[in-house]
Q: 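There's a structure below that I have some questions on.
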2 protein chains.
Amino acid sequence: MFHADLIVGKWKPIILFHLLHNDKLRFSELQRAIPEISKKMLTTQLRELEYHDIVHRKVYAEVPPKVEYSITEYGKKLIPVLEVMRTWGLEHLQHLDELYGTKN
Amino acid sequence: MFHADLIVGKWKPIILFHLLHNDKLRFSELQRAIPEISKKMLTTQLRELEYHDIVHRKVYAEVPPKVEYSITEYGKKLIPVLEVMRTWGLEHLQHLDELYGTKN
DNA sequence: CTGTATCCGCTGTGATACTG
DNA sequence: CAGTATCACAGCGGATACAG
């Protein structure tokens, strides 16, 4: 209904977060920035984001290969959405902590 | 990171959407409002939303049973998040249509 | 370096039947 | 009416090896 899956999911917000703060990132840089993600998942998520015109994939015809990912102009429209989600996420954590006293 | 899972996922935004527009809804009313969802999933999602203090579950000690679900005060803080997501969702649909001409 | 291919276990989800 | 219990299965996603 809201098609939220296009930007949420386990990894997409994190990937977008890094891309928003770095302008361009290579595949390996994303891997290092998000160590918990597997190569396969990173590829899958990036392909989906690319398909939906949210990130751009620039391949350099070099050896060894070099690929840079960046947010598209259209993808930048997501910034407010991600901001609102992040803000809410922080407040929500605090609220949950007040309720249960858990820190995680 | 953003803990988006707490309100996104396959059904939660839809459930919240209905609760935001109806104030109170019984279990069966939610079932009818969202025919595609199974009883089990509806229960699961509602329990999670309840656990996170986003919806309130009011049980009437009657026979037959009657249960009403409503948004908590805290849950109302989600409205802007859901609004932003919905707005973006609509724009995104349009954008995808421009790209691929698909209507779905 | 940037992936793809394969195997494979685990979890999420549906269908169905049952209960207070 | 408002669920729970149980079974069953597909697909997500991890690990590993391989490829251009």
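Every chain is numbered from 1, with letters handed out A, B, ... down the list of sequences. Quick note: numbers below take in every heavy atom, side chains included, and nothing from hydrogens, waters or symmetry partners.
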Q: Nearest whole angstrom, please: distance from the P of C:dT11 to the NZ of B:Lys10.
A: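 To the nearest whole Å, that distance equals 19 Å.
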Q: How many whole angstroms separate atom NZ of A:Lys66 from atom C1' of D:dG20?
A: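 Rounded to whole Å, this separation is 19 Å.
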Q: Do A:Trp88 and B:Leu78 have side chains that get closer than 4.5 Å, going by heavy atoms?
A: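 A:Trp88 reaches B:Leu78 side chain to side chain.
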Q: Any idea which of D:dT6, D:dG13, C:dT4 is nearest the B:Lys40 side chain?
A: D:dT6
Q: Measure the spacing between NZ of B:Lys24 and NZ of B:Lys58 and express it to the nearest 0.5 Å.
A: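 That separation rounds to 6.0 Å.
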Q: Rounded off to whole Å, could you give me the NZ-to-P distance for the A:Lys24 and C:dT2 pair?
A: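 Rounded to whole Å, this separation is 14 Å.
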Q: So, is B:Ser38 near the phosphate of C:dG14, with a side-chain N or O under 4.0 Å from OP1 or OP2?
A: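 The answer is yes; a side-chain N or O of B:Ser38 sits under 4.0 Å from OP1 or OP2.
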Q: Tell me which of A:Trp11 and A:Lys39 sits closer to the 5' end of DNA chain D, going by the nucleotide each one is nearest to.
A: A:Trp11
Q: Quick one: ring-ring contact (aromatic ring centres under 6.0 Å, His included) partners of A:Tyr74, sequence neighbours excluded?
A: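 ring-ring contact (aromatic ring centres under 6.0 Å, His included) list for A:Tyr74, sorted by chain: B:His92, B:His95.
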Q: Round to the nearest Å and state the distance from B:Leu42 atom CG to D:dC1 atom P.
A: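 Roughly 14 Å, once rounded to whole Å.
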Q: Any idea which of C:dT4, C:dA15, D:dA2 is nearest the B:Arg57 side chain?
A: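 Taking heavy atoms from C-beta onward, the closest nucleotide is D:dA2.
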Q: Could you check how far CZ of A:Phe27 sits from P of C:dC1, rounded to whole Å?
A: 11 Å
Q: What integer distance in Å separates A:Glu48:CD from D:dG11:P?
A: 15 Å
Q: A:Met41 or B:Glu68: which one's nearest nucleotide on DNA chain D is closer to the 5' end?
A: B:Glu68
Q: Mind checking whether A:Leu96 and A:Gln94 have side chains closer than 4.5 Å, heavy atoms only?
A: no
Q: Rounded to the Å, how far apart are A:Gln31 CD and C:dT4 C1'?
A: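 Value for this atom pair: 14 Å.
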Q: Taking only the side-chain heavy atoms of A:Arg47 (C-beta and beyond), determine which of D:dG3, C:dG3, C:dG14 contains the nearest atom.
A: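 Within the option list, the nearest is C:dG3.
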Q: With the side chain of B:Arg26 defined as its heavy atoms from C-beta on, choose the nearest nucleotide among C:dG3, D:dC1, D:dG14.
A: D:dC1
Q: Of the nucleotides D:dG14, D:dT4, C:dG3, which has the atom closest to the A:Val67 side chain?
A: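 Nearest listed nucleotide: C:dG3.
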Q: Choosing from D:dC1, C:dG3, D:dA2, which nucleotide comes nearest the side chain of A:Thr43?
A: C:dG3
Q: Among D:dG3, C:dC1, D:dA2, which nucleotide sits nearest the side chain of A:Pro65?
A: C:dC1
Q: Mind checking whether B:Leu46 and B:Tyr60 sit in one hydrophobic cluster, side chains of I, L, V, M, F, W, Y counted as touching below 4.5 Å?
A: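 Hydrophobic grouping puts B:Leu46 apart from B:Tyr60.
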Q: Pick base, sugar-phosphate or nothing for B:Tyr69, based on heavy-atom distances below 4.0 Å to the nucleic acid.
A: sugar-phosphate
Q: Which listed nucleotide (D:dT4, D:dA2, C:dC1) is nearest to the side chain of B:Ser28?
A: D:dA2
Q: Rounded to whole angstrom units, what separation is found between the OH atom of A:Tyr60 and the P atom of C:dT2?
A: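 Spelled out: OH on A:Tyr60 to P on C:dT2 is 11 Å.
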